Amino acid sequence: MSTLDPVDSFLFSLSRAFCSPLAVFVQIQGCLICLLLAFGWACAAYVRNREIKRMKDSMQRGNSFAFLCHDITELEHSNQLKRPSVSVVMPLKGFGEHNLHNWRSQITSLYGGPLEFLFIVESTDDPAYRAVSMLLSELKDEVDAKVVVAGLSTTCSQKIHNQLVGVEKMHKDSKYVLFLDDDVRLHPGSIGALTAEMEKNPDIFIQTGYPLDLPSGSLGSYCIYEYHMPCSMGFATGGRTFFLWGGCMMMHADDFRLDRYGVVTGLKNGGYSDDMTLAAIAGAHKRLITSPPVAVFPHPLASDLSFSRYWNYLRKQTFVLESYTTKVNWIMNRALFTTHCYLSWGFVTPYFMAIVHITAALRMYIKGYSIEETTFTFGGLKLVSCLAACTLIELLSMWNLTRIEVHLCNMLSPEAPKLSLASYNWGLVFIAILVDNFLYPISAFRSHFTQSINWSGIRYHLKDGKIFKIERSKDMGPVYTDLGGKHLGKKGAPPKLSFLSSLARSLAQWRQPKKYDS
């Protein structure tokens, strides 16, 4: 009979402990989270696939322009003349590898009504200013577009400040205003589809959409793809939703001109996140937010997107839960904070337990231990098998939704380079799922205890859910943005910290929040 190694003894005891009723509950809970995600993505895939079938049916009836509208009579000149005027406001920050392609997709829209584009920059020193100015000089006779210098924000985030300046500068006859992030790649018929829905239902407060991330191959890019995927099911409703994405928001222009529901006041006075603030206003006034099934946009991620840039992005995403406009909004954000943290670690923990079960089984087999010599139980392997099956179902559902959205995007942009699933590494997707869910609570608690964030070289401080202090420094913040890898035009920036260094400094700041300034 072989002697039981102390390490093996501990491992077998740990495996047995992970078969206790509480541990079994945690592992079954992980399986249920996998199945719930799979179900949500299956529902989202159904909505997107239904739109694909509608487009195919329209094409079979002879409509070669189904990617623009289902009824070809809508393209008649008399109907195009009735289209309402739209102002597209795009706050810019930096210039990266995908910007020119994205801007071209936005300003070459096939919308038939009056359309103007306002590119808003903080200053002429922003690299985006020169790049977009050159693009517009090439197309000056083809589009109604201009660059507006907004200046520095003093009471809200720079992005919100740029958006509000754009609203002030939009044409007085514009009926709708469409806010777009500069990393959104529009389809030719996107503006027309959003406008048509607004015309059909005047009760719509905001129309929104959601990005389809195109990972560049790095783990950081897959973590961002995985972070966005659970949210995507909330936008694939084909109609009413409670979610709002700031990268694409169409609203009534008069809501800003007249400050209805306090949209301008809420954004201008301490607003940090445009979408969270407007979603809170919509909820408080029971206003309608919708997301049409065609509002899914390719979102190529930077080819050099590092893990540290993913961490910076995650920090900004968790920080939005610290901003709020009302007491009810604060309660909802706390509920989201608690639920997300619980589910994230509740999702990851079973995989740690599974590793222990598998390692214990392998050690018993390799060392030739008998069951009598150990405290090992095969119940752990049954739980591992259950978790593996649920994980496979989850990944298949995730793959299916991505496949359908890729197909839908290809149909909506028939002349654009075809998107493909071939570049997706599903092994990295699985690793990203674990990494992202493990780090989310860490980032969320970090945001809660510091109440400040560095966004593209600007540090915002919150008090009572609103920005009360803004710090700017030429040496503060990154040289590149997180997702698009856009150069921010900074000089003399400090060397980029590794992810571990960044995380270490983040943890250290929990004890000394006032000393952290970079």
Side-chain angles (χ1 to χ4, degrees), residues 87-107 116-140 143-170 177-186 246-248 267-268 271-274 299-305 309 312-313 316 453-460 467 470-494 496 518:
S87 292
V88 181
V89 175
M90 285 170 281
L92 307 182
K93 184 70 174 179
F95 179 69
E97 60 184 300
H98 301 297
N99 279 121
L100 276 178
H101 191 172
N102 295 339
W103 295 339
R104 286 184 183 276
S105 74
Q106 292 165 350
I107 63 179
E116 70 166 343
F117 296 89
L118 301 169
F119 294 88
I120 318 297
V121 296
E122 173 186 306
S123 70
T124 55
D125 293 331
D126 192 314
Y129 177 80
R130 176 175 172 81
V132 76
S133 296
M134 292 179 63
L135 175 63
L136 297 186
S137 65
E138 297 175 12
L139 304 171
K140 59 183 178 181
V143 296
D144 179 6
K146 60 184 176 181
V147 184
V148 178
V149 178
L152 302 179
S153 64
T154 57
T155 62
C156 58
S157 70
Q158 187 64 46
K159 178 184 178 182
I160 289 178
H161 175 71
N162 288 9
Q163 290 172 324
L164 293 178
V165 169
V167 167
E168 292 176 359
K169 300 295 183 180
M170 69 182 174
V177 56
L178 174 61
F179 297 106
L180 292 177
D181 280 355
D182 62 353
D183 54 2
V184 171
R185 185 170 295 178
L186 284 187
C248 174
L267 290 168
K268 188 175 184 178
Y272 167 75
S273 169
D274 52 341
H299 182 217
L301 299 173
S303 58
D304 60 346
L305 201 157
R309 295 216 319 246
N312 291 336
Y313 175 76
K316 290 187 290 188
I453 189 72
N454 190 314
W455 186 356
S456 298
I458 306 173
R459 179 161 291 278
Y460 299 103
I467 291 175
I470 301 175
E471 295 178 332
R472 289 181 172 85
S473 171
K474 292 182 179 180
D475 296 334
M476 182 185 292
V479 178
Y480 297 94
T481 57
D482 299 324
L483 302 192
K486 297 178 291 183
H487 196 281
L488 298 175
K490 295 180 178 295
K491 297 180 180 179
K496 182 174 65 177
S518 62

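Just so it is clear, the values below take in all heavy atoms, side chains as well, and ignore hydrogens, waters and symmetry mates. Model, not experiment: these values are computed from the prediction.
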[atom2] on [Y] to [atom1] on [X], rounded to 0.5 Å:
X	Y	atom1	atom2	answer
Leu178	Leu186	CG	CG	7.0 Å
Tyr313	Leu301	OH	CG	9.0 Å
Leu180	Asn102	CG	CG	10.5 Å
Ile160	Leu267	CD1	CG	5.0 Å
Arg459	Ile470	CZ	CD1	13.0 Å
Thr154	His161	OG1	NE2	7.0 Å

So do [Y] and [X] actually touch side chain to side chain, heavy atoms under 4.5 Å?
X	Y	result
Gln163	Asp274	yes
Phe119	Leu136	yes
Phe95	Val132	no
Met90	Asp181	no
Leu139	Trp103	no

| said: Apply side-chain hydrogen bond (donor to acceptor under 3.5 Å, both in side chains) to residues Asn162 and Gln158 and explain how you reach the verdict. | reply: CA-CA 6 Å; Asn162 288 9; Gln158 187 64 46; 2.9 Å; yes
*Set of side-chain hydrogen bond (donor to acceptor under 3.5 Å, both in side chains) partners for Glu116, sequence neighbours left out*: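 For Glu116 the side-chain hydrogen bond (donor to acceptor under 3.5 Å, both in side chains) partners, ignoring immediate neighbours, are Ser87.
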How far apart are the closest heavy atoms of [X] and [Y], and which atoms are they?
X	Y	result
Pro91	Lys159	CG-CG, 4.0 Å
Cys156	Tyr460	O-CE2, 4.0 Å
Leu92	Asp126	O-OD2, 4.0 Å
Arg472	Leu152	NE-CD2, 3.7 Å
Asn99	Asp182	ND2-O, 3.3 Å
Ser105	Val184	OG-O, 4.1 Å

CA sep, side-chain torsions, deciding dist, call: Ile458, Glu122, side-chain contact (heavy atoms from CB on, under 4.5 Å): CA-CA 12 Å; Ile458 306 173; Glu122 173 186 306; 4.1 Å; yes
| From CA spacing to verdict: side-chain hydrogen bond (donor to acceptor under 3.5 Å, both in side chains), Asp183, His98 | CA-CA 7 Å; Asp183 54 2; His98 301 297; over 6 Å; no
